[in-house]
Amino acid sequence: MSKDSVQCVWLKRDLRVLDHRPLVEAAARGPVVLLYIVEPEMIEAPDFDGIHWQFIRQSLVDLQASVRELGGALCIRRGEATAVLDTLHIEYDFAGLWSHEETGNAWTFARDKRVARWASGAGVTWQEFAHNGVVRGLRDRDGWARVWETRMAEPLLVVPESLSSPTPAVADIEIPTCAALGLTLEGRALDLTGGEGEGLRVLQSFIDERGKRYHREMSSPNQAYKSCSRLSPYLAWGCVSMRTAYQAIATAAGTRMPKIAARAVIARLHWHCHFMQKLESEPAIEFHAFNRACDTLRAQGHDAAKLEAWQEARTGYPFVDACLRALKARGWINFRMRAMLVSFASYHLWLDWRCFKDWLACQFIDYEPGIHLSQIQMQSGLTGINTLRIYNPIKQGTDHDPDGKFIRTWVPELKEVSNDFIHDPWMMPDLIQIETGCQLGVDYPLPIVEHREAVRFARARFTELRQLPEYREASRAVLQRHGSRKGRSGRGGGRGTKRSKQADDSPQGEFNFTA
DNA sequence: AGTGCAGTTGACTTT
DNA sequence: TAAAGTCAACTGCAC
């Protein structure tokens, strides 16, 4: 393409100007149209919610300002991607289309294929660059961790000094609100605002103030809200690049942040890409269990009443209900509690993951398909290579909310219940129920399932399943495809001949996540 | 002071 | 990253 021909940067989940390779590459070649497409398919997708659009919208407002400051303009259009690109191509005759690789759902994958076809038909060169640590076209996990390290260590790409705008000038349009798109935001009390500027401020406040005790406090829903980085939505929508976050935290390790805290965060940035990689390598996990033999395990797993009780946070388990209510209001809860909520839906309520994955995605302001899908499957026991992790909601409560503070905040029905019964109010003698004004089954529901009994049932189903030869075979295949090479016998692994019993040495480690 | 017992704690194994 | 079960060591206490 000739120098000074118009270039189009197509923004997707990369709403920023710092460390943005497509932008840098395009700006070096000529006038730039920065395009964001409001796609009907996205707005209408079952895993898309007003909570997401609001965050995107705020990010676009912020981006609009920074792009203007560089002398450019942000072009926002509504419509199907190839239709929008086609119109824009007629208007600007751009020679190159630049974007980041996206690890998305079936619809984004199909749309990208349409765009590729359109680009080649229109004589436009579409260039995509790797985003974060996900590797496209990966065969197995050999050397994956090294690629991640290498990418994270590369210098940040600076913001172009200026952007030259194409003619005709990009017309400003009002960025549609949730209401304009038919999306709602009822009952939310979100405290994070979308945008690159906000994202960088959140990163800074985490390093300078909030993250000192990250490693110790991330498991408690009381403290995690402040002590976790809260970067997840900014990473999910690309307001802050993974590399920016990584380098800021790595640099602060041992100075502004305790080394142990910084290490814990970096391990999770690594896991972030690790789980996205699973969807990139196997898009079918949107619809099928990692281990296909598990696909029919909960075939009858759609008890509408149980699903509804869970979604409405009236399961009768105070800690579960508190976590669900907090999540619904804030759009965020810490990792451990997410795992517990999925475990409860999958094991205690025996619901099929496919009947709640979209609803859950709509509660997460930081929804990232690759992480979401692989985590749900893992916490539901569908990988076939992990031991079952069935959370005891009472134990989680006594461990991470010992004085019931979190429960009383989110389940006010139990405000007057003493610490003796806050985690298992159904144990309250009638007399005490009357005294506290909290009658079980009236003011607060009785447990919809009995823990021991439900867990025994779930375990029995898995025991049966594991007898099947097709299950064993599929498990081997999962390990082959997604399993780490690190520490596997016969591959070296740098630990000498002695096999350690540490978790990171086990093949299961590949699906693991610490929080 | 020594013994028996109940209950606790921690390490380790199994599911 | 889970939880439950087993076993041994230990603690506090009564006698």
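So that the names make sense, note that chain A is the first sequence line, chain B the second, and so on, each numbered from 1.
- Remark: nothing in residues 315-323 of chain A comes within less than 4.0 Å of DNA chain C through any heavy atom.
- Evaluation of the salt bridge (Lys or Arg N to Asp or Glu O under 4.0 Å) rule for A:R21 yields A:E25 as partners, not counting sequence neighbours.
- Checked against side chain to side chain donor-acceptor pair (under 3.5 Å), A:H215 has no partners two or more places apart in sequence or in another chain.
- Each salt bridge (charged side-chain N to carboxylate O under 4.0 Å, His left out) pair with one or both residues in residues 439-459 of chain A, not counting sequence neighbours, would appear here, but there are none.
- Note on residues 366-383 of chain A: pairs passing salt bridge (charged side-chain N to carboxylate O under 4.0 Å, His left out), not counting sequence neighbours, are A:R13-A:E368, A:R338-A:D366.
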Give me the distances for all protein-to-nucleotides 2-4 of chain C N/O pairs that come in under 3.5 Å?
residue : atom : partner : partner atom : Å
C:dA2   : OP1  : A:R336  : NH1          : 3.1
C:dA2   : OP1  : A:R336  : NH2          : 3.4
C:dA3   : OP1  : A:N392  : N            : 2.6
C:dA3   : OP1  : A:Q396  : NE2          : 3.2
C:dA3   : OP2  : A:K395  : NZ           : 3.1
C:dA3   : OP2  : A:Q396  : NE2          : 3.3
C:dA4   : OP1  : A:N392  : ND2          : 3.3
C:dA4   : OP1  : A:H451  : NE2          : 3.3

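- For residues 343-360 of chain A, the set of pairs meeting the salt bridge (charged side-chain N to carboxylate O under 4.0 Å, His left out) definition, not counting sequence neighbours, comprises A:D295-A:R354, A:D352-A:R354.
- Contacts of A:F48 classified as ring-ring contact (aromatic ring centres under 6.0 Å, His included), with partners at least two apart in sequence or in another chain: A:H52.
- Contacts of A:D430 classified as salt bridge (Lys or Arg N to Asp or Glu O under 4.0 Å), with partners at least two apart in sequence or in another chain: none.
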